[in-house]
Each structure stands twice: as C-alpha cells, then as structure tokens.
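For reference, the structure is listed below as structure tokens.
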Protein chains: 2
Amino acid sequence: MARNIKVSIIEDDETLRDGYAFLIGATEGYDVISTYCSYDEASKKIATDKPDVILLDIELPGVNGIDAIPKLKKLLPNCYILILTVYESEKQIFNALAAGASGYLTKNTPSTKIIESIKEVREGGGPMSINIARLVIRSFQKNQESPLSKRETQILELIGEGKSRGQIANELFIDLETVRSHIKNIYLKLDVNSRADAIKLARQNKLI
Amino acid sequence: MARNIKVSIIEDDETLRDGYAFLIGATEGYDVISTYCSYDEASKKIATDKPDVILLDIELPGVNGIDAIPKLKKLLPNCYILILTVYESEKQIFNALAAGASGYLTKNTPSTKIIESIKEVREGGGPMSINIARLVIRSFQKNQESPLSKRETQILELIGEGKSRGQIANELFIDLETVRSHIKNIYLKLDVNSRADAIKLARQNKLI
DNA sequence: TAATTAATCACCCTATTGGGGTGATTTTTT
DNA sequence: AAAAAATCACCCCAATAGGGTGATTAATTA
C-alpha cells in the first residue's frame, strides 16, 4: 500500500489556503503537511517538510510564483509543482512550465479535480485545465495557409536551426545557388531582408 | 438548447469503430453521423456529412492519420479533429498537433472520458490523456542545470533567433567583441564550433 | 492547352560575418 | 581569497549574407 501524498500549499489568500488545506487534508491518501503565504516564508522550512507535491499560486507577495519555481526545484529536486492560479496569459503559462512546473490549473477548477490532479502529477501525468490545454495545443499548431512552398518552408526551418547556405545545400543535395535563390524568394514573400527577421516572422505566424 | 454534436469516426478496426459509434451515438447530445475505415473512403463523403468533431485513428490503411489531418482540415475548416490512438511517441504527438489536431487521446481512455472530450474540444478545450499531457508539458521544460551562464544563455537564445553578432551587440548594449567572447565561451562549454551545432545541442538539452 | 508557380542553377558585386588565437580588466559570486 | 562571469581589444582570413539579373525545367493549376 502506498503512503499518503504529502502536500504543501503556497498561497497568499488565507481563505483559499485554508480551504484547499482542509479539503485536501480531509481526503484519504493525502496529507497537507504545511501551508505558506509566500515563497520567502516557505523557503525557510519547506526543505525539511519534504512534500511530494507543492500547490503554488502565481500571484504572491515578494518573490512571484514563476520565479519561485526554480528556487523550489533547487530545494526539492524530486518535488512536483502544480500551479494554481487565476492567470491564463500565454506567457505566464509557458514561463511556468519552462521553469519546471508539472501542471497548470486555474482556480475555477473544482476541488475534486484538484485533488485528482495532485495524484496524477505524482504518477507522471501532466494535469492541465482544459482551457490551458487548448493554449498549449494551439502553440504547437502550424499555419496551414503559408505563403511559402514546401521547399521554402523546409529551407526556412534549416535557417531556423542556424544553418548556413552551404550546410543547407549539402543537406538537401542541391546547389548553393539554389539555396540562395530559395532564400531570396522567402525574403520576397515574407517582405524581410535578413535571417533574423524571416525567422521571427515565420515563428510568429507559425510557418515553421 | 444547443443542437446535438455531430461526430464522424475514422478507424480501421471494425470492432472499435462500431463500439465507439454505439457508445457515442447512445449518449444524449451526440449523433454519430458517419463512420469510415480509411481516409480514402472518408474523403469522398465527409465534406457533405459536415461533422463537428472527427475521431481519427493514426494507424490507418492508405493515407495515415497524420497526413489525413491537413486534408480533412481543408475539406472541413471548422471541424475539430480528435486523435484516438495507441501510439504515444513524442514525434507522433507533436506532428499530429502541428498538423491541426485539437486533442490527443490514447485508446485506453475510458469511453466516458472520450465522450466528455468530444464536448470539451467543441467548447474550445484541448483534451489530452494524462500521459500525453506529461510529454507535452515536458517539452516546454528547460534544463535547470545548464553549464551556461545567464548571459551566455541569453546570447544563445538570440543566436537561435538567427541574429548576427552585430544585432546581438546592439540589442544587449554591449560591444561586438564582448558578444564574440561570449560565443567563444559557449562553444567551449558545449564543445561545438558552429552556430548550427550550438543551437542543435542547446535545443536537444533544452538549454534554450 | 496555356499560364503560373515551384525548383533548379549561374555569375555579377562587396561589406559583414563567423570562427580561431591570445590576452586583459572589472564585477559578481562563492 | 579564489573562482566565475561579464566586459573589451586586436590579430587573421575564408566564408557568408544579402542584393542584382536572368534562365531552364518540371509541376500544378486555371
């Protein structure tokens, strides 16, 4: 039989904090071992708490949640961090995930779902609110109406990998001049005149 | 009151196909308007079916599921495509999402969850199996133990954007020679000697 | 079938870049 | 006090990037 999941909560709103603590603590298989209202407060003791999962708010006084993630990860390398926030801005989400968060829930998530997510994250899952998942999925989706031809797209991808004309020519078994010609056409179509601008525009519009 | 959700299924396994069709069709609010065993078969009629959501298998005879996605999107631009597959390979997932799939479920997903996901996807959600979500989230996570300093990481990111030394120098308000010096150190630490190799290694190891 | 687009290659030009050496100074962090 | 990070300087030179202009041969689409 597996032991209880040890949960710590870092949330500045007292009502929410106590609410979560009560709900999770009352659930079989879960122990809320500590609650904090800021990272600064948590940093002093959380290493000895050794939680399995941390519920972390983004909007915190002092060190904000995103910046807290790498610090918490350093204190507790094997701990999973689950973001619990009202924010749904794309940058916020991707920054949190890049920093090491293992899941992202919005605060309208029903408590049963939160409790389920805590278990999921410990079992290697990646819990997300459905609207968060939408943003994440959309971030992968490429533009289907690219002005670029297949070959041009392919070459622009290689440019995005930092490859020179010569490297591209070798990789595609075509002449250096052909690569040049394609790049010129790419620039024409995208109305840019440098690699950096082409890459930027292409990534913004998800052409590559 | 909203009308029923019209669902089409493309799945080559007859048992599974009929099973899904029966389960979904029996659920209130859902109509299974057509089922197909391949893309080639579906392509002839699906445009007139006008489904809201297509359940799509990856392993199909003839045109595989991934290649079918853009074709289906072209026939039905406003239709959501939900992948239903046993495959969990990272490339497969990202290719499917890049091609325009709006969700990704594995076949061990309970039927209630599948039915729920169909509704979610139509409401702008992005349903994913939990293990798929894990892979997707992990794809965002950066390596916390980078050998590179902050400045070096920052410069490598700009190199990844296709920027030249001069552009980087301007952007960071430092001398061109300083940029060079940083790049040299990056190359030393990563043991490479070109932009392309540095970017490749950095992306593989999620340093940027 | 005609017209367009895609893909291929060629040769003109020149400022800039990229990569390799070697070394030094000043902060910042440990 | 020692180490690491960040800054700048000057040597070299082959290769690159970006701009012109133009042409040939598939494919695709009208």
Side-chain angles (χ1 to χ4, degrees), chain A residues 43 47 63 67 70-71 74-75 143-202 207-208, chain B residues 43 63 67 70-71 74-75 142-202 207-208:
Chain A
S43 62
V63 178
D67 294 338
K71 296 179 198 284
K74 209 163 189 178
L75 291 172
N143 191 338
Q144 312 288 186
E145 280 136 41
S146 172
L148 303 179
S149 73
K150 272 197 179 174
R151 198 53 147 180
E152 285 161 358
T153 304
Q154 187 180 27
I155 284 172
L156 191 46
E157 265 163 8
L158 295 176
I159 286 180
E161 291 168 13
K163 290 179 177 150
S164 70
R165 297 170 182 173
Q167 289 174 308
I168 294 173
N170 283 330
E171 200 165 323
L172 301 183
F173 303 108
I174 55 178
D175 195 275
L176 204 151
E177 279 304 319
T178 308
V179 176
R180 286 205 62 201
S181 179
H182 282 303
I183 294 178
K184 283 175 193 167
N185 285 328
I186 292 170
Y187 286 7
L188 254 178
K189 287 185 180 177
L190 300 187
D191 191 27
V192 296
N193 53 14
S194 74
R195 304 186 140 224
D197 288 344
I199 292 172
K200 188 178 174 187
L201 215 148
L207 306 180
I208 57 169
Chain B
S43 61
V63 178
D67 294 337
K71 296 177 198 286
K74 211 165 187 177
L75 291 171
K142 292 205 179 145
N143 192 338
Q144 312 284 266
E145 280 138 39
S146 172
L148 304 179
S149 74
K150 271 197 179 174
R151 199 54 149 177
E152 286 160 358
T153 304
Q154 187 181 27
I155 284 172
L156 191 46
E157 264 163 10
L158 295 175
I159 287 180
E161 291 169 13
K163 289 178 178 152
S164 71
R165 297 170 182 170
Q167 289 174 306
I168 295 173
N170 284 330
E171 199 164 323
L172 301 183
F173 303 107
I174 54 178
D175 195 275
L176 204 153
E177 280 303 319
T178 309
V179 177
R180 287 205 62 201
S181 180
H182 282 303
I183 295 178
K184 283 174 193 166
N185 285 328
I186 292 170
Y187 286 8
L188 254 179
K189 287 184 180 178
L190 300 187
D191 191 26
V192 296
N193 52 14
S194 75
R195 304 183 140 225
D197 288 345
I199 292 172
K200 187 177 175 187
L201 215 149
L207 307 180
I208 57 168

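Each chain gets a letter, A, B and so on, in the order the sequences are listed, and its residues count up from 1.
- Considering only heavy atoms from C-beta on, A:Arg180 comes within 4.5 Å of A:Arg165 through its side chain.
- Atom NZ of B:Lys189 is surrounded by more than 12 heavy atoms from other residues, nucleotides or ligands within 6.0 Å.
- Taking every heavy atom of residues 148-159 of chain B and every atom of DNA chain C, no pair lies under 4.0 Å.
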**Q.** side-chain contact (heavy atoms from CB on, under 4.5 Å) assessment of A:Thr153 paired with A:Ser149
**A.** CA-CA 6 Å; A:Thr153 304; A:Ser149 73; 6.0 Å; no
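- Looking at B:Lys71 and B:Val63, their side chains come closer than 4.5 Å, going by heavy atoms from C-beta outward.
- Contact footprint of chain A on DNA chain C: nucleotides with an atom under 4.0 Å from a non-hydrogen protein atom, first to last in 5' to 3' order, C:dA6 to C:dC12.
- Remark: P of D:dG20 and CG of A:Asn185 are 13 Å apart, rounded to the nearest angstrom.
- One distance of note links CG of A:Leu156 with NE2 of A:His182; it measures 12.5 Å at 0.5 Å rounding.
- Between B:Leu148 and B:Leu190 the shortest side-chain heavy-atom distance falls below 4.5 Å.
- Side-chain atoms of A:Leu172 and A:Thr178, non-hydrogen and from C-beta on, never get closer than 4.5 Å to each other.
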Identify the pairs formed between an N or O of the protein and an N or O of nucleotides 12-19 of chain D at a distance under 3.5 Å, and give each distance.
| residue | atom | partner | partner atom | Å |
| --- | --- | --- | --- | --- |
| D:dA17 | OP1 | A:Arg195 | NH1 | 3.4 |
| D:dA17 | OP1 | A:Arg195 | NH2 | 2.8 |
| D:dA17 | OP2 | A:Arg165 | N | 3.2 |
| D:dA17 | OP2 | A:Arg165 | NE | 3.2 |
| D:dA17 | N9 | A:Arg165 | NH2 | 3.1 |
| D:dA17 | N7 | A:Arg165 | NH1 | 2.6 |
| D:dA17 | N7 | A:Arg165 | NH2 | 3.2 |
| D:dG18 | OP1 | A:Arg195 | N | 3.0 |
| D:dG18 | OP2 | A:Tyr187 | OH | 2.7 |
| D:dG18 | N7 | A:Arg165 | NH2 | 2.3 |
| D:dG18 | N7 | A:Arg180 | NH2 | 2.8 |
| D:dG18 | O6 | A:Arg180 | NH1 | 3.3 |
| D:dG18 | O6 | A:Arg180 | NH2 | 3.4 |
| D:dG19 | N7 | A:Arg180 | NH2 | 2.6 |
| D:dG19 | O6 | A:Arg180 | NH1 | 2.7 |
| D:dG19 | O6 | A:Arg180 | NH2 | 3.1 |

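- Looking at B:Arg151 and B:Gln154, their side chains come closer than 4.5 Å, going by heavy atoms from C-beta outward.
- By the 4.5 Å heavy-atom criterion applied to side chains, A:Pro70 and B:Gln144 are counted as neighbours.
- Taking the nucleotide of DNA chain D with the nearest heavy atom to each of B:Glu177 and B:Leu172, the more 5' of the two is matched to B:Leu172.
- Residues A:Ile183 and A:Ile159 have side chains in contact (heavy-atom distance under 4.5 Å, counting atoms from C-beta outward).
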